[in-house]
Amino acid sequence: MPEVTGAGIISAVMPELRKKYPFDQIEPKWQQHWLANKTFAANDDAAKPKLYVLDMFPYPSGAGLHVGHPEGYTATDIFCRYKRMRGFNVLHPMGWDAFGLPAEQYAIDTGTHPSITTKKNIDTFRRQIQMLGFSYDWDREVDTTDPEYFKWTQWIFLQLYKKGLAYEAEIPVWWCDGCKAVLANEEVNADGTCDRKGHKEVYRRPLRQWILRITKYAERLLADLEHVNWPDSIKEQQRNWIGRSEGAEVDFKTETGDALRIFTTRPDTLFGATYMVLAPEHPLVEKFKNPAVDTYRSAAAKKSELERTQLEKEKTGVFTGGYAINPVNNERIPIWVADYVMMGYGTGAIMAVPAHDTRDFEFAQKFDLAIRTVVQPPTGIEPQGFTGDGISVNSGMLTGLPTPEAKKKITSWLEEKKLGKATVNYKLRDWLFSRQRYWGEPIPIVHCAKCGTVPVPENELPLRLPEMKDYSPSGNAEPPLAKATDWVNCKCPQCGGAGKRETNTMPQWAGSCWYYLRYIDPKNAGAFVAKDKEKYWMSVDLYVGGAEHAVLHLLYSRFWHKVLFDLGHVSTPEPFTRLINQGMILGEDNRKMSKSWGNVINPDDVVREYGADTLRLYEMFMGPLEATKPWNTQGTEGIYRFLGRVWRLFCDEEGRLLVDDTAPDTKLVKVLHQTIKKVGADTEALAFNTAIAQMMIFVNELTAQDKRPRAVLEPFVQLLAPYAPHIAEELWQKLGHTQTLTHEPWPEFAPALLVENTVTIVVQVNGKVRDKLDVPTGITNAELEKLALASGKVQESLTGKTVKKVIVVAGKLVNIAAG
RNA sequence: GCCCGGGUGGCGAAACUGGCAGACGCAUCGGACUUAAAAUCCGAAGGAGUAUUAAAGCUCCGUGCGGGUUCAAAUCCCGCCCCGGGCACCA
């Protein structure tokens, strides 16, 4: 049963009336033409300047394309088409980030192999994307699940492994007894239940995992953000994620003689430490034979990360009964255990300075611990709880020093006495790289009793996934692959003895870490990319995608890229020179599009009703590319009308050409040249909405005339081409051209034609417009002032006032200050 | 709590380096065409007030709020409010 909407009824009853131009014939025609002629093939060794423009490739979900996808894709497509006309050799590829959970879940439920589901979804996505007329070079399509692709994902993993950047460790992961599976952090609810099925038995258990040493690159990942042209918000998010902080490690001793090392960013407040806090997981905690500590510790182990951070605002903790000695003044201070200190950061232990740290302050107040002021804030500020820079007080040798100097002095003192040293810490953790899943790249490692972990020889790659009948988890924390015993049992590549394959697979991020490199040389069987091609095309000049990948994808791929750079496999230290985030498209009700709101717009429907050119143009006309903006079906209607008007400038109802060779009048020529100038500049700046507005002005101007001069219509088609390529190609052909306009040169505007003879000058009195004067362009300021003062209207508003000052802005306005 | 964005007509928005606020589009209203409607074309329009028979007009207000700088502020500065996004006990 078809859904009945207002528009639906009209189109069902009177489709011929809605058809303002035959987009349904034009669009498939040109899409086939472009595909068949490989119009957008990028040539590797062209003498032209190169331009690499990349879209974040999609995960081909079963739901198909939504209107958010074409937004970024249209923006890059317009830019590419424009740049081709400007003489650039453009690389503009598309592919599929196709490993992922939904296909695996579907396989568990139905037994259908994920590769079948994936292929089907890719076909749908490809069809939908091609239906929008994007100028991708389809010969370069990549698919992360293709063994010929993931062969190289595995190869890169081995390079990381050989460089010591991939290691195994037992680390705690969330395990759900009900699902018999490992859960990701975000799959665990705040109350500790399983988010998928609501199971209660969820707990942490240590599991062997593969981990990538991204922390080794923390400093460079941070520093090199300086050199990329990315939105500040994204850079800031990455900086926060990396979380560099400078401070010092200081060695305390417990009364019983154990070393207790802490990290602090405020060594200058060492004299204000009134207690110590250990994370519940800190090894020293075991030393305290104290039942309260044991109870606290096991309770903390059960809490989820969420509970310990977001929800648990109220501080908890217990006194261990032990004391530490402060190395600067030999004071005896109590040691507490509290879960507001995390084992994973710094040393998992802190000195608490409640007077100058918000968290310690809160804790000390709750447990009635001493609070000692050691930093004097600027006058007028309460010293207790003051966390900024000030002057050290009650701090022995530091007293009287401003905070930055106090930090320096105490740090060198600690270094001298071998009690501590300056240290830099990062929030960034190593990257947990393995997943207990079937549908991912197998990690190419063999475990051998004799040789340990042994890489699969490179000439045996790709290591394919085994065929399986049952994709469900085994129930004993083993990944599904463990059940494929024929596959798991193998020879050790090193000693030839019995070996077992690694059964963890890579996370979905792996394939997307380097796909932009494969596009450059997608069919190369001997290397992931040929050196000369890489050198020609890299780096990516423009990368467009959603802000949701601000940290993970963009940080992971930068990491891999830097490793490949260090190994000499790529020639640039950063992969993406310039990054733009397209804004989100909201539903007509101003809410996020979602099935539950029933406000989802399906691009298929829009294309059926109005055509791809309308969808493209509308999405660009909605507002600035980076802004979040709501969909408005009436707005698509307006764009559709615009394209209808364009069509009717060229042909009558029977499709006969109306264009003639009459000479256009000067006004029209001027509007054309203004349009060439503005559309060019705006396209260059990715300000597509205003470029479209200018094209509308041109069309309005021409519609008002009865002449249809080829001299202005032909260049206009060229301007329109990047935006609405189907209608433009069709009109170009109708104008008698036999070649695609893809490589036609972009029209040039003649500055001479834009020069005005007269200019309208605004005359203000005290900032208010009183008159407008048409004057010759070259008029001098003195003459202009004279004319302005002579104006009757100006004189009228000056009555009873004396002129104090006259400001003349050449060519723009005169403002008379009077009182 | 902290860090980024953002706030302009009924709606989406535009505005160079501080220089006529509201381009362009939507919705609305009026007109032409039509037996009628649709489509198309032409035109009006920020708000309030106001003059004349009528119209063009004229006056004031107006870019989240309150101050400031300036001949001149959507734009710069200070203080707040609201919305969106991100991070969140990182010592």
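Below, read A as the first sequence line, B as the second, and so on, with proteins coming before strands; counting in each chain starts at 1. Just so it is clear, the structure is predicted and the values come from calculations on it, not from any experiment.
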If you look at every heavy atom in [X] and [Y], which pair is closest and at what distance?
X: A/V250; Y: A/P327; value: CG1-CG, 3.9 Å
X: A/F252; Y: A/N326; value: CE2-CA, 3.7 Å
X: A/V803; Y: A/A818; value: CA-CB, 4.1 Å

Could you state the [atom1]-[atom2] distance from [X] to [N], rounded to the nearest angstrom?
X: A/E236; N: B/C3; atom1: CD; atom2: P; result: 10 Å
X: A/R591; N: B/G84; atom1: CZ; atom2: P; result: 13 Å
X: A/K805; N: B/U70; atom1: NZ; atom2: P; result: 10 Å
X: A/N240; N: B/A88; atom1: CG; atom2: C1'; result: 10 Å
X: A/I234; N: B/C87; atom1: CD1; atom2: P; result: 11 Å
X: A/W230; N: B/G86; atom1: CH2; atom2: P; result: 18 Å
X: A/L270; N: B/A91; atom1: CG; atom2: P; result: 17 Å
X: A/K427; N: B/C87; atom1: NZ; atom2: C1'; result: 7 Å

TODO: Validate the cation-pi geometry between A/R558 and A/W230: distance from NZ or CZ to the six-membered ring centre under 6.0 Å, angle to the ring axis within 45°.
DONE: yes
Task: With A/K677 via salt bridge (charged side-chain N to carboxylate O under 4.0 Å, His left out) - residues at least two apart - done: none
For [N] and [X] - does any side-chain N or O of the residue sit under 4.0 Å from the phosphate oxygens OP1/OP2?
X: A/R645; N: B/C24; answer: no
X: A/N581; N: B/G5; answer: no
X: A/S245; N: B/A91; answer: yes
X: A/N689; N: B/A14; answer: yes
X: A/K812; N: B/G19; answer: no

For a quick check of understanding: with a heavy-atom distance under 4.0 Å over all strands, which category does [X] fall into, base, sugar-phosphate or nothing?
X: A/D360; value: nothing
X: A/Q764; value: base
X: A/N766; value: nothing
X: A/I807; value: base
X: A/G346; value: nothing
X: A/R239; value: nothing
X: A/P624; value: sugar-phosphate

Residue [X], side-chain atoms from C-beta onward, closest of [options]:
X: A/Y340; options: B/C20, B/U59, B/C89; result: B/C89
X: A/N632; options: B/A91, B/C89, B/C26; result: B/C26
X: A/K768; options: B/G19, B/C60, B/C41; result: B/C60
X: A/Q634; options: B/C26, B/G12, B/C89; result: B/C26
X: A/F621; options: B/A91, B/C24, B/C41; result: B/C24
X: A/R641; options: B/U40, B/A91, B/A15; result: B/U40
X: A/A704; options: B/C42, B/C20, B/A15; result: B/C42

TODO: Indicate yes or no: at least one non-hydrogen side-chain atom of A/I779 is less than 4.5 angstrom from one of A/L787.
DONE: yes
Task: A/K805 (side chain) donor-acceptor with A/A817 (main chain) under 3.5 angstrom - done: no
Task: Parallel, tilted or perpendicular, as decided by the 30° and 60° cut-offs, for the rings of A/Y275 and A/F363 - done: parallel
- [ ] Take the angle between the ring planes of A/F716 and A/F698 and call it parallel below 30°, perpendicular above 60°, tilted in between.
- [x] parallel
Open item on the list: Quiz question: going by heavy-atom distance under 3.5 Å, is there a donor-acceptor pair between the base of B/C20 and the side chain of A/K772?
Closed with: yes
- [ ] Mark yes or no for a side-chain to base donor-acceptor pair under 3.5 Å between A/K315 and B/C89, with no hydrogen or angle criteria applied.
- [x] yes
- [ ] Please figure out whether A/I639 or A/W241 has its closest RNA chain B nucleotide nearer the 5' end.
- [x] A/I639
- [ ] With RNA chain B as reference, determine whether A/K629 or A/L813 sits nearer its 5' end, using the nearest nucleotide of each.
- [x] A/K629
Open item on the list: A/Y556: which residues meet the ring-ring contact (aromatic ring centres under 6.0 Å, His included) condition with it, sequence neighbours left out?
Closed with: A/W431, A/W509
Task: Range-with-range stems of RNA chain B (Watson-Crick or G-U pairs under 3.5 Å, three or more in a row) - done: B:1-7 with B:81-87, B:10-12 with B:24-26, B:28-32 with B:40-44, B:46-50 with B:57-61, B:64-68 with B:76-80
